[in-house]
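Values reported hereafter were calculated over all heavy atoms of this structure, with side chains retained and with hydrogens, waters and symmetry mates removed. Each chain gets a letter, A, B and so on, in the order the sequences are listed, and its residues count up from 1.
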Amino acid sequence: MAEQTYDFTAIEKAWQRQWAESRLYEAPDQPDPAKSFYMLVMFAYPSGDIHMGHFRNYIIGDAVARKQLMLGKAVLHPFGWDAFGLPAERAAIKRGVHPADWTNQNIAMSRATLQEAGISFDWSREVASCDPDYYKWTQWLFTQFFKKGLAIQKKTWVNWDPIDKTVLANEQVKDGIAERSGAKVEKKELVGWYFAITKYADRLIDDLEQLPGWPDAVRRMQTEWIGRSYGLEVDFTVEETGEKLPIYTTRPDTIYGATFMVVAPESELIDRLGLTGDDLERVTAYRQQALTKSEIDRTAAGEKDGVFTGKYVINPYNGERVPLWVADYVLAHYGTGAIMAVPAHDERDFAFARKYGLPLKLVIRPKADVSLVISEMDDAYAGPGFIENSGQFDGIPAGEEAINAFSTYAESEGFGRRRTNFKLKDWSISRQRYWGCPIPIIHCPKCGPQAVPDDQLPVVLPRVESYMPKGRSPLADVPEFLNTTCPKCGGPAERDADTMDTFVCSSWYFLRYIDPKNETALANWDQVKAWMPIDLYIGGITHATGHLIYFRFFTKVLKDLGYLDFDEPATRLFNHGMVMDAEGEVMSKSKGNVVSPIELMRTRGIDVSRLAMFFTAPSEMPVLWSDDSVTGVEKFTHNRFWPLAESYRGTTDALKQSLSRDGLSGYERDIYVKLNQTIKRVDEDSEKLQFNTCIAALMELVREYDASKISSDTLNDRVILTAIQLIAPMAPHLAEELWQRCGQEGSVFRSAWPSADPEALTGDQVTIAVQVNGKLRDTIAVAADAGQGDIEAVALGSSRVQQHTDGKAVVKKIYVPGRLLNIVVKG
RNA sequence: GCGAAAGUGGCGAAAUUGGCAGACGCGCUGGACUUAGGAUCCAGUUCCUUAAUCGGAGUGGGGGUUCGAGUCCCCCCUUUCGCACCA
């Protein structure tokens with residue numbers, strides 16, 4: 001046979017055409033749930049180019065999807081576009097292209113790239129969140145939430161982005177900086193829509209235990225983000241008026257040590273204090289400057305400041321009178337927006353007390369007979385100990401036991417109650433921007449906010465020509481959109497002019513893939529039950545406390561609404577590592593260090609590019625990409641793997657003929673064992689998404705394979721066909737071509753994934769490491785079935801071993817079957 | 001500041017989870033074949049010592065548990081990530 005070189009371009013194009021024609025990757029609508037696999041990668045924001053990070057993400061999912069196909073599963077492996085959002089608007093303003101056109105162009109470009117890359121997406125199920133057929137159901141979900149009281153309108157202090165001129169959710173602000181625009185976030189009081197995610201806070205934490213297939217890091221981050229704490233709400237009272245001022249504390253056992261109380265500047269409690277004169281002036285001035293400070297300036301660790309209100313409050317436990325302060329280190333939205341300050345035992349209160357000369361009072365002694373001395377303290381004491389100076393509670397160990405005693409007392413006296421608090425806030429979803437999903441609410445002056453009836457959905461986003469951010473939604477200036485009639489009374493009414501946070505659109509897209517063209521329902525719920533939950537969800541860890549909480553929340557709501565019968569959307573989550581340049585810098589256009597995957601695939605081949613990415617590091621680790629990474633796998637592919645087909649001998653049914661270790665001898669037996677060891681390694685490591693070692697195992701097999709030493713045609717062909725199957729998930733075009741060249745019928749992806757012959761996983765001989773006192777002294781080759789006695793005899797006969805045992809007494813011998821013998825000597 | 005994860009050759013990494021450290025690959029060195037080679041093939045490649053074996057050291061540093069530690073425990077150092085006044 002004339003040697004043929006590996007013409008990857010022709011091969012890759014030809015197979016992509018063939019796969020599309022045979023609709024190999026189209027998923028059935030209603031699979032057998034026991035034999036289905038939902039492989040999901042996070043859908044993409046259509047920025048126009050596919051970078052190395054996308055490429056890595058998608059080839060990992062692709063390899064899994066292909067292996068599952070070979071395992072005989074019905075595989076759903078869809079893709080789509082997270083298509084609403086601010087960058088489209090920015091591009092529109094900058095270049096004068098309408099956001100819809102800009103988005104559609106980018107989708108077309110990105111889709112073409114992914115199709116050229118040969119990823120096994122089922123393109124017949126593609127969705128885009130900006131498509132009215134899609135966002136009709138985003139709106140329908142909103143109305144469902146609204147009817148259940150889970151979409152609520154509130155006036156609250158919000159994160160305001162002064163550059164993008166819109167509200168941001170908590171999850172979109174990092175360190176007081178807006179994630180997208182980079183602006184310092186300001187506080188602003190606004191009316192907007194919220195999803196009542198806090199009602200699900202407990203379940204969102206507790207159900208994480210149902211997710212052993214999720215990385216611990218993500219579960220921990222979510223737990224901390226939701227931030228559950230158990231504490232006590234205690235009513236202090238204003239001395240003059242007797243009005244209740246509740247505080248929240250997780251340490252009620254330190255309440256006798258409260259020497260002042262602090263209220264957040266936003267708190268309306270202050271308005272009810274009846275402040276006058278200097279007090280009013282001072283407090284008002286402080287409140288105003290605190291509120292105009294940006295989030296980052298305000299929360300910057302360091303100096304705390306505040307002002308005295310001139311008022312005093314009474315501690316209900318001991319009747320003590322303590323001063324009431326206003327300070328911005330107390331957060332308005334957490335607990336009651338007010339705290340008791342125990343400077344002796346809380347670091348922050350300590351710092352504040354020192355700054356303003358407020359007194360300290362000790363209520364915990366570290367040991368039963370050792371008290372602290374205030375004048376010697378340069379930090380608060382937050383350690384263990386025993387309660388003191390606290391009347392009837394003295395002597396109780398501080399912490400859980402004391403907290404219980406104090407809490408029970410407050411409840412029985414009626415001035416306090418146990419409460420659970422969360423750091424998680426309700427999800428702010430109103431955005432004062434154009435390019436988003438319209439909120440399907442009609443504001444009627446008589447009937448209040450009304451959900452748009454189902455038969456009037458979708459509320460179509462009108463095509464407007466002005467989308468400059470002005471601090472209120474551009475849709476508010478479109479009378480044809482705005483003016484409508486109330487669905488309840490028929491009177492004149494106005495539509496809500498805000499659009500939804502794009503994270504709403506991405507919280508349910510995985511359901512739409514299952515039945516993307518359904519016009520009468522979000523999806524056929526029977527089909528949803530057959531495919532869901534997602535078997536493997538792959539994406540970056542950046543979404544740990546955003547999207548990955550939101551989509552769990554949506555799933556739980558839909559379960560409560562009776563549409564779903566499961567609590568969690570994805571049983572296994574995998575966060576792939578980042579792709580950076582060779583110096584470890586994040587790739588970005590401004591740095592000019594971007595490597596284009598499409599360029600790489602065109603010059604070196606798709607499969608070689610994939611193998612290079614897989615081989616460089618296990619999937620969860622970061623990759624510092626350099627084109628040098630390609631060299632090794634490229635040589636392997638062209639010079640070692642591709643020529644395998646020429647050694648193929650054309651046995652019929654080489655994969656089905658029976659072969660056994662006992663029926664073979666010499667090299668044939670060795671290569672048969674090696675083949676089965678390789679199957680086992682590739683199978684196990686690919687399950688863990690460790691494709692780097694899968695490739696290493698295949699390299700070893702191919703190097704050891706020598707056709708000239710094999711007389712059995714069946715064995716020879718078995719090795720070749722199996723190797724092709726094992727590499728197929730990682731190098732699909734190459735495998736498909738070789739499969740066909742070896743005369744196999746149909747696609748390699750319809751062939752059965754190899755399983756290892758359990759009788760053929762060990763060779764005839766094993767190498768035993770011989771140690772003396774734990775140090776390696778020799779290795780000996782023995783028959784695989786040799787007993788411990790035989791092995792000890794050989795080991796003790798070794799001169800290298802004797803060198804270290806002569807003249808010494810053997811104390812004991814430790815034998816690890818098939819691996820190691822350790823001889824312990826003394827003297 | 002709090003929390004978590006990770007530190008293994010010149011480089012990317014492997015190590016059956018407590019059992020031969022460095023598989024596989026890059027790079028490098030030497031050789032073969034070549035008019036030529038940045039192609040291909042073969043051999044070597046943790047460090048020290050050695051002609052080579054032998055021997056010794058070795059998984060960020062220090063201690064510990066164990067017959068045996070990259071792996072488990074304690075204390076440091078460094079890096080990365082997450083949270084960042086949540087009372």
Side-chain angles (χ1 to χ4, degrees), chain A residues 174-176 215-218 220-225 227-229 231-232 247-252 254 262 296 298-302 304 327-331 333-342 345-349 351-352 421-425 541-542 544-545 578 582 584 611-612 615-618 621-626 628-636 638-639 677 680-681 684-685 690 692-700 703 761 767-780 799-800 803 811-826:
Chain A
K174 297 270 183 263
D175 297 330
D216 288 341
V218 173
R220 203 180 309 114
M221 280 163 72
Q222 292 203 355
T223 305
E224 283 171 14
W225 184 263
R228 179 164 56 192
S229 72
L232 187 71
I247 59 100
Y248 176 74
T249 178
T250 54
R251 289 303 301 272
T254 63
V262 189
I296 191 162
R298 190 170 150 179
T299 59
K304 301 190 185 336
D328 67 5
Y329 80 93
V330 172
L331 306 173
H333 57 76
Y334 185 77
T336 61
I339 62 155
M340 65 168 186
V342 184
H345 304 292
D346 181 278
E347 209 185 303
R348 297 152 300 185
D349 300 343
F352 194 81
N421 262 315
F422 298 93
K423 291 186 195 174
L424 184 75
K425 292 199 279 180
I541 197 163
T542 47
T545 53
M578 300 230 295
L611 289 170
F615 189 59
T616 303
M621 284 178 69
V623 159
L624 306 192
W625 181 261
S626 136
D628 295 344
S629 313
V630 179
T631 313
V633 291
E634 188 170 54
K635 281 198 248 181
F636 169 71
H638 286 258
N639 303 336
Q677 290 171 337
K680 185 163 186 276
R681 276 181 70 188
E684 289 176 356
D685 291 357
Q690 276 182 28
N692 54 333
T693 50
C694 294
I695 295 168
L698 283 164
M699 284 172 165
E700 284 182 47
R703 192 176 54 190
L761 292 171
T767 313
I768 304 285
V770 183
Q771 298 180 333
V772 178
N773 289 353
K775 279 196 194 297
L776 181 72
R777 294 304 174 189
D778 201 359
T779 56
I780 55 175
S799 61
R800 289 192 194 171
Q803 219 178 319
V811 182
K812 65 171 155 178
K813 289 171 273 198
I814 288 138
Y815 176 60
V816 182
R819 308 196 67 83
L820 167 142
L821 177 70
N822 188 12
I823 299 161
V824 184
V825 296
K826 212 177 166 183

> Nearest of B:G19, B:A23, B:G25 to any side-chain atom of A:A696?
Replying inline: B:A23
>> Let's see if you can work this out: which of B:C67, B:C24, B:C20 has an atom nearest to the side-chain heavy atoms of A:T767?
In response: B:C20
> When the ring planes of A:F352 and A:Y329 are compared, do they come out parallel, tilted or perpendicular, using 30° and 60° as the limits?
Replying inline: tilted
> If you measure from the P atom in B:C11 to the same atom in B:G63, how many Å do you get, rounded?
Replying inline: 26 Å
>> What is the distance, to the nearest angstrom, from the CD1 atom on A:I247 to the P atom on B:C85?
In response: 19 Å
>> By the rule that syn is within 90° of 0, classify the base conformation of B:U17 as syn or anti.
In response: syn
>> Students often get this wrong, so: under 4.0 angstrom with heavy atoms, is A:V262 touching a base, only sugar-phosphate, or nothing?
In response: nothing
>> Using every non-hydrogen atom in the two residues, find where A:L232 and A:P252 come nearest and quote the distance to one decimal.
In response: CD2-CB, 3.7 Å
> Out of B:C20, B:C67, B:G82, which nucleotide sits closest to the side chain of A:L820?
Replying inline: B:C20
> How does each nucleotide of nucleotides 44-59 of chain B score, in 5' to 3' order, for protein heavy atoms under 4.0 Å: base (B), sugar-phosphate only (S), or none (-)?
Replying inline: ----------SSSS--
> Who passes side chain to side chain contact (heavy atoms under 4.5 Å, CB included) against A:D628, sequence neighbours left out?
Replying inline: A:S626
N/O-N/O pairs, protein side and nucleotides 4-8 of chain B side, under 3.5 Å:
residue: B:A4; atom: O2'; partner: A:R220; partner atom: NH1; Å: 2.7

> Which is true for A:E224 with a 4.0 Å heavy-atom rule: it touches a base, it touches only sugar-phosphate, or it touches nothing?
Replying inline: sugar-phosphate
>> Work out how far the P atom of B:G10 is from that of B:A5, and round it to whole angstrom.
In response: 28 Å
>> Taking atom NZ as the centre, does A:K680 end up with more than 12 heavy-atom neighbours from other residues, nucleotides or ligands that are less than 6.0 angstrom away?
In response: no
>> Could you tell me how far apart A:N822 (CG) and B:G18 (C1') are, to the nearest whole angstrom?
In response: 13 Å
>> Please report the distance, rounded to the nearest Å, between CG in A:D685 and P in B:A23.
In response: 17 Å
>> Under a 3.5 Å distance rule, please check whether A:N773 uses its side chain to pair with a backbone N or O of A:V825 as donor and acceptor.
In response: yes
>> Please give the distance between the P atoms of B:A23 and B:U46 as a whole number of Å.
In response: 8 Å
>> Rounded at 0.5 Å granularity, tell me how far CG in A:L820 sits from CD1 in A:I768.
In response: 8.0 Å
> Are A:V770 and A:R800 side-chain neighbours, meaning at least one heavy-atom pair lies under 4.5 Å?
Replying inline: no
> Would you call A:V630 and A:F615 a side-chain contact if the rule is heavy atoms closer than 4.5 Å?
Replying inline: no
>> Counting only side-chain nitrogens and oxygens, does A:S229 get under 4.0 Å of the OP1 or OP2 atom of B:A87?
In response: yes
> Using atom C1' of each nucleotide, how far apart are B:A21 and B:U45 to the nearest Å?
Replying inline: 16 Å
Close N or O pairs between protein and nucleotides 10-14 of chain B (under 3.5 Å):
residue: B:G12; atom: O2'; partner: A:T616; partner atom: O; Å: 2.6
residue: B:A14; atom: OP1; partner: A:N692; partner atom: ND2; Å: 3.1

Collect all protein-nucleotide pairs involving nucleotides 37-43 of chain B in which both atoms are nitrogen or oxygen and the distance is under 3.5 Å.
residue: B:U40; atom: OP1; partner: A:N639; partner atom: ND2; Å: 3.3

> So, for A:A544 and A:M221, which heavy atoms are closest and what is the spacing to 0.1 Å?
Replying inline: CB-CE, 3.4 Å
> How close or far is atom C1' of B:C24 from atom CZ of A:R703, stated in whole angstroms?
Replying inline: 8 Å
>> Measuring from the side chain of A:I814 (C-beta onward, heavy atoms only), which nucleotide among B:C67, B:A23, B:C85 has the closest atom?
In response: B:C67
> So what does A:V824 touch, heavy atoms closer than 4.0 Å: a base, only the sugar-phosphate, or nothing?
Replying inline: sugar-phosphate
> In whole angstrom, what separates A:I695's CD1 from B:C24's P?
Replying inline: 15 Å
>> Can you check the distance between B:A87 and B:U17, where both ends of the measurement are the P atom (answer in whole Å)?
In response: 42 Å
> Under a 3.5 Å cut-off on both pairing distances, which runs of 3 or more consecutive Watson-Crick or G-U pairs involve RNA chain B?
Replying inline: B:1-7 with B:77-83, B:10-12 with B:24-26, B:27-32 with B:40-45, B:46-48 with B:55-57, B:60-64 with B:72-76
> Within less than 4.0 Å of OP1 or OP2 of B:A87, is there a side-chain N or O belonging to A:Y329?
Replying inline: no
> Which whole number of Å gives the distance between the C1' atom of B:G9 and that of B:G19?
Replying inline: 23 Å
> What is the distance, rounded to the nearest whole Å, between atom CD1 of A:I339 and atom P of B:A87?
Replying inline: 11 Å
> For the atom pair CG (A:D778) and CD (A:Q771), what is the distance rounded to the nearest 0.5 Å?
Replying inline: 12.0 Å
> If you measure from the P atom in B:G22 to the same atom in B:G70, how many Å do you get, rounded?
Replying inline: 12 Å
> B:G82: syn or anti, with syn meaning chi within 90° of zero?
Replying inline: anti
> So among A:T223, A:D216, A:V218, which one has a side chain to side chain contact (heavy atoms under 4.5 Å, CB included) with A:R220?
Replying inline: A:D216
> What interatomic distance, in whole Å, is found between C1' of B:A39 and the corresponding atom of B:C77?
Replying inline: 48 Å
>> In the structure I gave you, are the side-chain heavy atoms of A:R251 and A:V342 within less than 4.5 Å of one another anywhere?
In response: no
>> Starting the side chain at C-beta, find the nucleotide from B:C20, B:C83, B:A87 nearest to A:L331.
In response: B:A87
> Between A:D628 and A:L776, which is nearer to the 5' end of RNA chain B once each is assigned its nearest nucleotide?
Replying inline: A:L776
>> If I take atom OG1 from residue A:T693 and atom CG from residue A:L698, how far apart are they, to the nearest 0.5 angstrom?
In response: 10.0 Å
>> Measure CD1/A:I780 against C1'/B:G19 and give the value in whole Å, please.
In response: 15 Å
>> If we ignore hydrogens and angles and just use 3.5 Å, is the side chain of A:Q677 paired with the main-chain N or O of A:L761 as donor and acceptor?
In response: yes
> Does some side-chain heavy atom of A:D349 sit less than 4.5 Å from a side-chain heavy atom of A:I339?
Replying inline: yes
> So which heavy atom on A:N822 is nearest to which on A:G774, and how close?
Replying inline: OD1-N, 3.0 Å
> Across the strands shown, which category fits A:R228 at heavy-atom distances under 4.0 angstrom: base, sugar-phosphate, nothing?
Replying inline: nothing
> Rounded to the nearest 0.5 Å, how far apart are CZ of A:R777 and OG of A:S799?
Replying inline: 12.5 Å
> Checking side-chain contact (heavy atoms from CB on, under 4.5 Å) for the pair A:T616/A:M621: CA distance, chi angles, key distance, verdict?
Replying inline: CA-CA 10 Å; A:T616 303; A:M621 284 178 69; over 6 Å; no
>> Go nucleotide by nucleotide along RNA chain B from the 5' end; which of A:N773 and A:K423 gets its closest nucleotide reached first?
In response: A:N773
>> If you only use heavy atoms from C-beta on, which nucleotide in B:G27, B:C20, B:C24 is closest to the side chain of A:T631?
In response: B:G27
>> Just the rounded figure in Å: distance from C1' of B:A84 to CE of A:M221.
In response: 13 Å
> Quick one: does A:Y248's side chain have a donor or acceptor within less than 3.5 Å of a partner on A:G231's backbone?
Replying inline: yes
